[in-house]
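To start, the structure itself, in structure tokens.
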Amino acid sequence: YTTLFRSDGTLRPKSADDFSFVDDNTTLGALQAKVGPPDGAKGHGTLVYCIDDKTIVLVETRKETEIRTVRVNNKLVYKKK
């Protein structure tokens, strides 16, 4: 797990529901425009978002632009078709 620097005032997700808009057409750039940059990275291609209520959201990417899966507290909530 690598922690990324996040400056004060940076856009942050308020809840796991902020990720519910992700679909097969959502790019990583669109995700970050809506919820902000991740808090960290786990290995290559997995972004980590830590929400204030202790929820962990993992976003698995491919080619650093395409979202493959979204997991909330390890439960799969989105998988690219």
Side-chain angles (χ1 to χ4, degrees):
Y1 177 79
T2 301
T3 302
L4 304 176
F5 176 75
R6 186 184 279 250
S7 62
D8 290 340
T10 301
L11 183 63
R12 295 198 34 84
K14 293 177 178 43
S15 74
D17 291 338
D18 290 348
F19 295 82
S20 64
F21 76 98
V22 174
D23 63 21
D24 287 350
N25 298 311
T26 307
T27 64
L28 186 55
L31 175 71
Q32 290 185 0
K34 181 156 178 137
V35 300
D39 295 298
K42 184 179 176 184
H44 179 72
T46 302
L47 305 177
V48 180
Y49 288 86
C50 303
I51 300 174
D52 290 341
D53 67 359
K54 309 271 191 252
T55 299
I56 303 296
V57 178
L58 301 176
V59 178
E60 183 183 301
T61 66
R62 184 189 321 164
K63 302 177 191 172
E64 299 181 12
T65 58
E66 179 182 298
I67 298 171
R68 297 186 72 189
T69 64
V70 177
R71 293 181 179 276
V72 176
N73 290 336
N74 229 11
K75 179 182 175 190
L76 185 66
V77 296
Y78 165 76
K79 182 175 181 180
K80 186 169 182 84
K81 295 176 182 156

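Hydrogens, waters and symmetry mates are skipped; everything else that's a heavy atom, side chains included, is used. Everything numeric in this text was worked out from a predicted model, so none of it was measured.
Contact record, Thr10 with Pro37: CG2-CD, 3.4 Å, taken as the closest heavy-atom pair. The minimum heavy-atom distance linking Ala30 with Phe21 is given by the pair O-CZ, 4.2 Å.
Counting heavy atoms from C-beta outward, Val77 and Phe19 have side chains that stay 4.5 Å or more apart. Side-chain atoms of Arg68 and Lys79, non-hydrogen and from C-beta on, never get closer than 4.5 Å to each other. Under the 4.5 Å side-chain criterion, counting only non-hydrogen atoms from C-beta, Asp39 is in contact with Arg12. For the pair Leu47 and Lys42, the minimum side-chain heavy-atom distance is 4.5 Å or more. Side-chain contact between Pro38 and Val48 is absent, with no heavy-atom pair separated by less than 4.5 Å.
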Quiz: residues 55-62 side-chain donor-acceptor pairs under 3.5 angstrom, not counting sequence neighbours:
unit_1 : atom_1 : unit_2 : atom_2 : d
Thr55  : OG1    : Asp53  : OD1    : 2.6
Thr55  : OG1    : Asp53  : OD2    : 3.3
Thr61  : OG1    : Gly45  : O      : 3.3

Fill in: Val22/Leu31 under side chain to side chain contact (heavy atoms under 4.5 Å, CB included): CA gap, chis, key distance, verdict
CA-CA 7 Å; Val22 174; Leu31 175 71; 3.9 Å; yes

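Taken to the nearest 0.5 Å, the CD1 atom of Ile67 stands 10.0 Å off from the CG atom of Asp24. Atoms OG1 and CD, from Thr27 and Gln32 in turn, are 9.0 Å apart once rounded to the nearest 0.5 Å. Note that CZ of Arg71 and OG1 of Thr46 are 9.5 Å apart. Values are rounded to the nearest 0.5 Å.
In this structure Asp23 satisfies the side chain to side chain donor-acceptor pair (under 3.5 Å) test together with Thr26, sequence neighbours excluded. A search for side-chain contact (heavy atoms from CB on, under 4.5 Å) contacts involving Ser15 returns Asp17, Asp18, not counting sequence neighbours. With sequence neighbours excluded, no residue forms a ring pair (Phe, Tyr, Trp, His ring centres under 6.0 Å) with Tyr78.
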